[in-house]
There are 2 protein chains.
Amino acid sequence: MKRPTLEAVAARAGVSKSSVSRVVNGQSTVTPEIRELVLAAVRELGYLPNPAARSLVTRRTDAIALIVSDPPGGLVSDDPMFSAVVRAASRTLEAAGKQVVLTLASSDEARERAGRYVAAGHVDGVLLVSMHGADPLPAMLARTGVPVVSHGRPALAAGLPYVDHDHTGGAALAVRHLIDSGRRRVATITGPLDMTAARDRLAAYRDTVREAGRRPIAAIGDFTRVSGAQAMRELLADEPDVDAVFAANDLMAIGALRALREAGRRVPGDVAVAGYDDIEAALYTDPPLTTVRSPMDEQAEAGARLLLGLVDGGPAEPVVLPTSLIVRESA
Amino acid sequence: MKRPTLEAVAARAGVSKSSVSRVVNGQSTVTPEIRELVLAAVRELGYLPNPAARSLVTRRTDAIALIVSDPPGGLVSDDPMFSAVVRAASRTLEAAGKQVVLTLASSDEARERAGRYVAAGHVDGVLLVSMHGADPLPAMLARTGVPVVSHGRPALAAGLPYVDHDHTGGAALAVRHLIDSGRRRVATITGPLDMTAARDRLAAYRDTVREAGRRPIAAIGDFTRVSGAQAMRELLADEPDVDAVFAANDLMAIGALRALREAGRRVPGDVAVAGYDDIEAALYTDPPLTTVRSPMDEQAEAGARLLLGLVDGGPAEPVVLPTSLIVRESA
DNA sequence: TCGCCGTGAGAGAGCGCTCCCCGACCCGCA
DNA sequence: TGCGGGTCGGGGAGCGCTCTCTCACGGCGA
């Protein structure tokens, strides 16, 4: 009726609890004979170790929390990058025998709860996706003593190990491409400026444009499609002779394409458009989008690896991955 | 140094372990005086109950597994519907105090491990997303005795409680719309036929078309964008006078739009296109896509609720939600 | 032959919590 | 004042596992 315990297996196999434990945990100091006996009993009884009992004594859970600290709008979890991150991190962590506990913390209450969850010892480590500057969660988690790796350089909570990619280099690549192809008035549509990613991309845009002796022209978006369209309309109103736009992500670039079409401007004839992220949809726009590939899967995988190392007492070296420009037809 | 235990709190507050336990678990038979004493000690010590110890004795984990049984290609977890499901289910489950353990089981080995994970008692229940016919996971999970709810009617493993929406009604709505708007040769692009959703939508298409005295014309896709484009090309080759297409999901409809454009057909002028799912991208195609809204968030929420009921010993009534047609410009 | 060492099995003490059961205390009533 | 009933706190036995410590045994060298 009830589930077999280690003791039941021991009785069945005619050996001690200790021996069963040793076999189940793969220790080497067991004679093959006894090992076989135990394995047979395990099979017959369908024994599976009770995880609660095990982690009570080992103080390990073999679980890793993937916490997505999301503003109420659900910005991050709506982003196409999100499922890439989840997928890559899951794959890596599960290959290492860790269970992934997904936590979408989209309210302060949920963040509070996530913090308590981690502090209570439910998980061995945390892979944190938190992009907004004022987010209290990174600091909160750092205080728990549980290993934490941030996916993306955190705004505050410096000192938290993180994995990121080279936003500055990537954005510079795109902007320089626009300038090199002969565009005179190169504008940008930024992401929300409390995100380090958005700030880095904007700074790189500014530097690159100024280096070329041009004046920066910026409209602020929030990484959503609609905000991209809105920002593009503003740009067209304020700077009618704009002939190139670097949008800080593809979603906003897609919005910009739409706004340009509505305004009767042709892409890339009248206005060149470059995006950032290389999401799948960038392939299917009209025209296909020139964009910066942000290696989300590799970044998530690197984050997972860094975390796994930390959990095993390894070092906390931040990782920064390179980016590359994908040239298509929009610029 | 080490984390405070319930016993430490009891000592601090000058009461017994039992009283602390009662306070922490919100039992009513505690005098306000003692309750305050305990809460003060809890606060001072920063006490958090050890979940392993607790679930060892209660046999509850307060965790729910969200298992996405995905073919190797990552079809489901690539689908825009995926994050909607994750988000809605998470929200509902977390509001009920359950932690969501996400499991992307995209290989047989991973499925095996997921089954063992559940059988070992890591979670109190499972919300299963498994769409492919031959998937052994539903049956495996059913055998564990842990409550399972399937998101979408499972192909095999009848008897598994599920939550779905009315594919038949939804598809009929779309096809009838095409016919009623005067289209003569209405084709369909199907999903993979080992998925009940794809089969239901195809059957509804057939019935509706035949009812109108027409001949069904079908090309087989696999719910991906590229397969939609490919299927559309086949349809154009085999039936050049096709003037309407019902794609079994929006992704394939988007692929079809692309193939139609490449072939020089105008939408909706030459060919009307209808999709299914109402993903966000359907708003941004050119022209915007007429589609059937499949209420993924509501479905996921209903699934979570059904599961929560089951965990508490409630009934296992399947739930089927209604669908509606969203008419835009493509048909 | 004796003793020492190494290898491998067994016994049992917890890990931190819940919950049953008992006992104490307080109140009201006679 | 004594007694009964009800309420509430405390003691302690486990939940199932790991891991240390002890012990038995066999082999080998002197």
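The shown structure was predicted, so the numbers you read here are calculated from the model rather than taken from an experiment. Atom set for the values below is all heavy atoms of this structure, side chains included, hydrogens, waters and symmetry mates excluded.
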Colleague: Can B:Asn25 and B:Arg54 be counted as having a side-chain donor-acceptor contact under 3.5 angstrom?
Modeller: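 Yes, side-chain donor-acceptor contact under 3.5 Å.
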Colleague: Reading nucleotides 22-27 of chain D from the 5' end, what letters show protein touch, with B for base, S for backbone sugar-phosphate only, - for no heavy atom under 4.0 Å?
Modeller: ------
Colleague: Give, ordered by number, those residues of residues 33-60 of chain A having at least one heavy-atom distance below 4.0 Å to an atom of DNA chain C; if nothing qualifies, reply none.
Modeller: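 Contacts with DNA chain C under 4.0 Å: A:Ile34, A:Leu56, A:Val57, A:Arg59.
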Colleague: Would you say B:Pro322 and B:His165 make side-chain contact, with heavy atoms under 4.5 Å?
Modeller: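 No; the side chains remain at least 4.5 Å from each other.
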Colleague: Quick one: the side chain of B:Ser19 and the base of D:dG10, do they pair up donor-acceptor inside 3.5 Å?
Modeller: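 No such pair is found, so the answer is no.
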Colleague: Tell me: CZ of B:Arg22 to P of C:dT18, nearest whole Å?
Modeller: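 Result: 12 Å.
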Colleague: Does a nitrogen or oxygen in the side chain of B:Thr5 sit under 4.0 Å from OP1 or OP2 of C:dG16?
Modeller: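 Answer is no, no contact under 4.0 Å.
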Colleague: Per the end-axis method with five pairs at each terminus, what is the bend angle of the helix from C:dT1-D:dA30 to C:dA30-D:dT1, to 10°?
Modeller: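 Answer for the end axes of this duplex: 50°.
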Colleague: I need the minimum non-hydrogen distance between B:Arg35 and B:Gly26, along with the two atoms involved.
Modeller: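 Of all heavy-atom pairs spanning B:Arg35 and B:Gly26, the closest is NH2-CA, 4.3 Å.
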Colleague: How many Å lie between CG on B:Leu6 and P on C:dC15, as a whole number?
Modeller: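 One finds 14 Å between P of C:dC15 and CG of B:Leu6, rounded.
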Colleague: Atom NE2 of A:His122 to atom P of C:dC17: distance rounded to whole Å?
Modeller: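 Value for this atom pair: 12 Å.
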Colleague: Check A:Leu306, A:Leu308, A:Val319 against A:Val149 for a side chain to side chain contact (heavy atoms under 4.5 Å, CB included) and give me the one that passes.
Modeller: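 With A:Val149 as partner, A:Leu306, A:Leu308, A:Val319 yield a single side chain to side chain contact (heavy atoms under 4.5 Å, CB included), made by A:Leu306.
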Colleague: Holding to side chain to side chain donor-acceptor pair (under 3.5 Å), I want the full list of residues that pass it with B:Arg305, two or more places apart in sequence or in another chain.
Modeller: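 Counting only residues at least two positions away or on another chain, B:Arg305 forms a side chain to side chain donor-acceptor pair (under 3.5 Å) with B:Glu301.
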Colleague: Under 4.0 Å between a side-chain N or O of B:Ser16 and OP1 or OP2 of D:dG10?
Modeller: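 Affirmative; the distance criterion is met.
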Colleague: Output yes when B:Asp124 and B:Arg60 qualify as a salt bridge under the 4.0 Å nitrogen-oxygen rule, no when they do not.
Modeller: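 Answer for the salt bridge query: no.
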Colleague: Could you give the distance from CG (A:Asp135) to OG (A:Ser130), rounded to the nearest 0.5 Å?
Modeller: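 That separation rounds to 3.5 Å.
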Colleague: Among residues two or more places apart or on two chains, list those pairs meeting ring pair (Phe, Tyr, Trp, His ring centres under 6.0 Å) that have a residue in residues 33-52 of chain B.
Modeller: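 Applying ring pair (Phe, Tyr, Trp, His ring centres under 6.0 Å) to every pair that reaches into residues 33-52 of chain B, excluding sequence neighbours, yields nothing.
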Colleague: Between the side chain of B:Arg3 and the main-chain N/O of B:Leu48, is any donor-acceptor distance below 3.5 Å?
Modeller: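 Checking the backbone N and O of B:Leu48 against the side chain of B:Arg3, a donor-acceptor pair under 3.5 Å is found.
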Colleague: Pairs in or reaching into residues 5-43 of chain B: which pass ring pair (Phe, Tyr, Trp, His ring centres under 6.0 Å), with residues at least two apart or in two chains?
Modeller: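 Passing the test, one end in residues 5-43 of chain B: no pairs.
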Colleague: Decide if atom CD of A:Glu7 counts as having more than 12 heavy atoms of other residues, nucleotides or ligands within a radius under 6.0 Å.
Modeller: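 No - once you tally the heavy atoms of other residues, nucleotides and ligands closer than 6.0 Å, there are 12 at most.
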Colleague: Strictly below 4.0 Å: does B:Ser21 bring a side-chain N or O up to OP1 or OP2 of C:dC17?
Modeller: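 For C:dC17, OP1/OP2 do not have a side-chain N/O of B:Ser21 under 4.0 Å.
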Colleague: Can you tell me how far P of C:dC17 sits from NZ of B:Lys17, to the nearest Å?
Modeller: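 It works out to 9 Å between those atoms.
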Colleague: Starting from C1' on C:dG16, measure out to CZ on B:Arg3 and report it in whole angstrom.
Modeller: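 Rounded to the whole Å, the gap is 10 Å.
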Colleague: Can you find a donor-acceptor pair, distance only, under 3.5 Å between A:Ser18 side chain and C:dA11 base?
Modeller: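 Checked by distance alone, the answer is yes.
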